[in-house]
Amino acid sequence: MMTVYSMTNFPNELITTLRNAKRIAILTGAGISAESGIPTFRDAQTGLWAQMKAEDLATPEAFERDPVTVWEWYAYRRELVADAQPNAGHIALATMAKHAPQLTLVTQNVDSLHQKAGSPDVLELHGNISRVKCSREHTVIPPDQWVQVEGERVPRCPNCNAFLRPDVVWFGEMLPRVTFARAEQAFREAEVVFAIGTSGMVPPAATLPFNAIERGAYGIEVNLNETYLSHLYDCVLRGQSGVILPQLVQAVWGE
Ligand code: BV8
């Protein structure tokens, strides 16, 4: 395993491996959006869940038990995300896609920042917080069709009157089947895989880079901190993704 701290010493092996790679698969997590002001999930203190537990909020049972608290937590996060702008890390990945045509970008994030940065065809494994759907039929309902009942805080579906909920994947829920199958295929075929800004704590998304490295793909981890998977990667780039990724794209593709 190699650990690299800054552009001045990106190892040649990393540069040539990326230059020669035909298929690159990337998994991003909350860390890539941290420099856009969106708190991550598990970092102590700043992490969204530092004050609360995932099982209290990001599960169907939690919504069943206390729809108002869950709805309002997501409404708060929707506001956070609506004002956020992509950072240099998101933009670097959009640039990378121009040089590596068979690059597949898979994200666990629900914040649309990769799309805002111009990355084409982003595979969102955990849905998107800006979309709201019927909690019974799972059809997406635009805000102008939400039914607000007098005295209630959670809007209802115009078609079946069930409560609305965020269109994200909660713990215990299946990932979108087609999207996950496309992500699995990309990680099965890639010669190079990245895990960027993710603690790797949430399967099955977290299994994608792990399985690829196991079958011999060249693995690159970009993370501010060590993760329990760091030792598996061929190259660990320790630092902020918003600093490292632009330097890496510049070093490999000169842009
Ligand atoms: C599933 C959307 C099949 C909602 C999220 C027991 C029973 C049942 C299930 C399970 C079980 N044990 C395990 C499971 C699987 C379960 C699971 O993972 N549980 C956890 C609690 C262990 N998974 C599921 O349920 C998944 N579905 O398995 O379906 C199934 C079905 C039924 C029953 C069984 C199986 C669905 C999981 C989806 C959950 N939804 N989010 C929302 O956003 O509210 S998960 C949530 O965690 C986010 O999506 C997030 O992306 C994801 C992973 O977190 P990270 O992105 O990695 O963020 P984190 O804060 O952890 O780490 C940030 C990293 O960035 C850190 O390493 C930090 O160092 C780094 N960093 C910080 N700043 C920077 C940086 N790096 C670089 N630069 C920086 N500047």
Side-chain angles (χ1 to χ4, degrees), residues 5 26-63 69-78 80-81 84 86-90 92-93 106-114 122-133 165-177 179-181 183-184 194-210 220-230 233 236-248:
Y5 289 95
I26 300 175
L27 176 70
T28 63
I32 197 169
S33 296
E35 293 155 78
S36 296
I38 299 181
T40 64
F41 291 92
R42 289 170 189 83
D43 288 353
Q45 282 75 49
T46 54
L48 277 173
W49 283 332
Q51 290 83 25
M52 47 198 93
K53 292 204 302 295
E55 46 280 6
D56 297 345
L57 290 156
T59 66
E61 296 73 19
F63 187 68
T69 301
V70 174
W71 173 264
E72 296 197 337
W73 184 53
Y74 279 92
Y76 153 71
R77 287 175 61 200
R78 231 189 335 272
L80 266 187
V81 162
N87 62 59
H90 298 104
L93 294 187
V106 181
T107 190
Q108 301 167 95
N109 299 339
V110 296
D111 58 28
S112 312
L113 288 184
H114 285 303
V122 179
L123 299 183
E124 295 178 315
L125 295 183
H126 292 162
N128 190 300
I129 202 166
S130 60
R131 284 195 307 266
V132 165
K133 68 179 182 181
R165 57 163 279 185
D167 186 15
V168 298
V169 179
W170 279 333
F171 290 103
E173 292 188 320
M174 303 304 282
L175 275 59
R177 201 173 39 78
T179 305
F180 188 61
E184 276 187 310
F194 282 82
I196 301 173
T198 183
S199 61
M201 304 278 279
V202 176
T207 61
L208 293 169
F210 174 81
I220 304 163
E221 182 186 66
V222 179
N223 200 308
L224 195 55
N225 305 305
E226 178 152 1
T227 69
Y228 78 100
L229 296 170
S230 293
Y233 287 88
V236 171
L237 303 177
R238 181 70 68 235
Q240 292 182 302
S241 47
V243 173
I244 287 173
L245 291 174
Q247 291 182 6
L248 182 64

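As the structure is a prediction and not an experimental result, all values here were calculated from the model. For the single chain, residues carry numbers from 1 onward in sequence order. We count ligands from 1, going down the list as the structure has it; atoms in each ligand are counted the same way. Just the heavy atoms: all of them, side chains too, but no hydrogens, waters or symmetry mates, feed the values below.
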Atom indices of ligand 1, in the order listed, that fall short of 4.0 Å to a heavy atom of [X]:
| X | answer |
| --- | --- |
| M201 | 22 (C) |
| A30 | 55 (P), 56 (O), 58 (O) |
| N225 | 68 (C), 69 (O) |
| R77 | 42 (C), 43 (O), 44 (O) |
| M174 | 3 (C), 29 (O), 30 (C), 31 (C) |
| G29 | 56 (O) |
| P203 | 15 (C), 16 (C), 18 (O), 23 (N), 24 (C), 26 (C), 28 (O) |
| F41 | 43 (O), 48 (C), 50 (C), 58 (O), 60 (O) |

Is there any N or O on [X] that sits under 3.5 Å from an N or O of ligand 1?
| X | answer |
| --- | --- |
| V168 | no |
| F171 | no |
| T227 | no |
| P204 | no |
| W73 | no |
| H126 | yes |
| V202 | no |

Side-chain donor or acceptor of [X] paired with backbone N/O of [Y] under 3.5 Å:
| X | Y | value |
| --- | --- | --- |
| N109 | G29 | yes |
| E35 | G242 | yes |
| Y228 | G200 | yes |
| R238 | N223 | yes |

Notebook entry, point to check: Any heavy atom of G239 sitting closer than 4.0 Å to ligand 1?
Noted result: yes
Next item on the list: For atom 55 (P) of ligand 1, state which one of T207, L245, T198, I32 supplies the nearest heavy atom.
Entry: T198
Notebook entry, point to check: Do S241 and H90 get their side chains close enough for a donor-acceptor pair, meaning under 3.5 Å?
Noted result: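 Looking only at side-chain atoms, H90 and S241 do not form any donor-acceptor pair under 3.5 Å.
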Check: If we ignore angles and hydrogens, is there a donor and acceptor under 3.5 Å between the side chains of S230 and T227?
Finding: yes
Side-chain touch [X]/[Y], heavy atoms, less than 4.5 angstrom:
| X | Y | result |
| --- | --- | --- |
| H126 | V202 | yes |
| I26 | L93 | yes |
| L237 | E221 | no |
| L229 | P209 | no |

Next item on the list: Please determine if R78 forms a cation-pi arrangement with W71, meaning its NZ or CZ atom is less than 6.0 Å from the six-membered ring centre and no more than 45° off the ring axis.
Entry: yes
With heavy atoms only and a cut-off of under 4.0 Å, state how [X] meets ligand 1: side chain, backbone, both or neither.
| X | value |
| --- | --- |
| E35 | side chain |
| E173 | backbone |
| L175 | side chain |
| A34 | side chain |

Notebook entry, point to check: In terms of side-chain geometry, is the basic nitrogen of E184 or R177 positioned less than 4.0 Å from the acidic oxygen of its partner?
Noted result: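 Between R177 and E184 there is no salt bridge, as every charged N stays at least 4.0 Å from the carboxylate O atoms.
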Checklist line | Point-to-point distance, once rounded to the nearest 0.5 Å, from CD of E124 to CG of D111 | finding: 8.5 Å
